[in-house]
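To start, the structure under review is shown below, and the notes come after it.
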Amino acid sequence: MQKSIILLVTLFLGLSAIAENRLSEKDERAIRNLLQLQSEAWNEGNLEKFMETYWHSDQLAFVGGNGPTYGWDATLERYKKGYPDKKAMGHLQFKVLRLQKIDRKTVFMIGRYELTREIGDAAGHFTLVFQKIDGEWKIISDHSSAEN
């Protein structure tokens, strides 16, 4: 009898830990919606709107082919320099490859981006770290790498 109780308690605690590491449907929808908002803003040619999904902080980190950029304003300027007009921006699509809850307010994502442009298509992969700040999910770190 005692062994059965210990087994049931162990099983319950294990299942509780697994359930605790799952992202809720509401949070997953909110995070996926951020990517939708980003692609819509990008495809409109609106970088300021695109940047609304990022944490508006000097602590924001973006890492690309030219190394890290820190801060929301610097990241926006980096995007403006790299994508000065709609022709350079093209049409953006995202594909989520992995979405993983780190803790109750931090989520890690691996994905793929594809840019269709007249000046030549571009594609690559990204990793994003989302954090719930003041009740809203925001991107606090972005590492994007282009394919050769």
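Just so it is clear, the values below take in all heavy atoms, side chains as well, and ignore hydrogens, waters and symmetry mates.
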Nearest atoms (heavy-atom pairs only) where Ile133 meets Lys138: CD1-CB, 4.4 Å

For residues 120-129, run the donor-acceptor check on the side chains, cut-off 3.5 Å, and write out each pair with its distance to 0.1 Å, sequence neighbours left out.
from   : atom 1 : to     : atom 2 : distance (Å)
Asp121 : OD1    : Arg117 : N      : 2.9

Side-chain polar contacts of residues 104-112 - donor-acceptor pairs under 3.5 angstrom, sequence neighbours left out - could you list them?
from   : atom 1 : to     : atom 2 : distance (Å)
Thr106 : OG1    : Asp103 : OD1    : 2.9
Thr106 : OG1    : Gln131 : NE2    : 3.2
Arg112 : NE     : Glu114 : OE2    : 3.0
Arg112 : NH1    : Glu147 : OE2    : 2.4

Between the side chain of Trp42 and the main-chain N/O of Met89, is any donor-acceptor distance below 3.5 Å? yes

Separation of Thr53 OG1 from Glu136 CD (nearest 0.5 Å): 11.5 Å

Can you list, pair by pair, the side-chain donor-acceptor contacts under 3.5 Å of residues 59-77, counting residues two or more places apart and other chains?
from  : atom 1 : to    : atom 2 : distance (Å)
Trp72 : NE1    : Met51 : O      : 3.0
Thr75 : OG1    : Gly71 : O      : 2.7

Are the side chains of Arg32 and Val96 in contact, using a 4.5 Å heavy-atom criterion? yes

Distance check, rounded to the nearest 0.5 Å: Glu52 atom CD versus Leu47 atom CG? 11.5 Å

Flag side-chain contact, heavy atom, 4.5 Å: Leu115 against Tyr83: yes

Is a salt bridge present between Lys101 and Asp27, judged by a nitrogen-to-oxygen distance below 4.0 Å? no

Heavy atoms of other groups near Glu48 CD, more than 12 under 6.0 Å: yes

Can you see which heavy atom on Lys81 is nearest to which on Pro84, and at what distance? O-CD, 3.8 Å

Determine the minimum heavy-atom distance between Trp137 and Leu34, stating which atoms define it. O-CD1, 3.3 Å

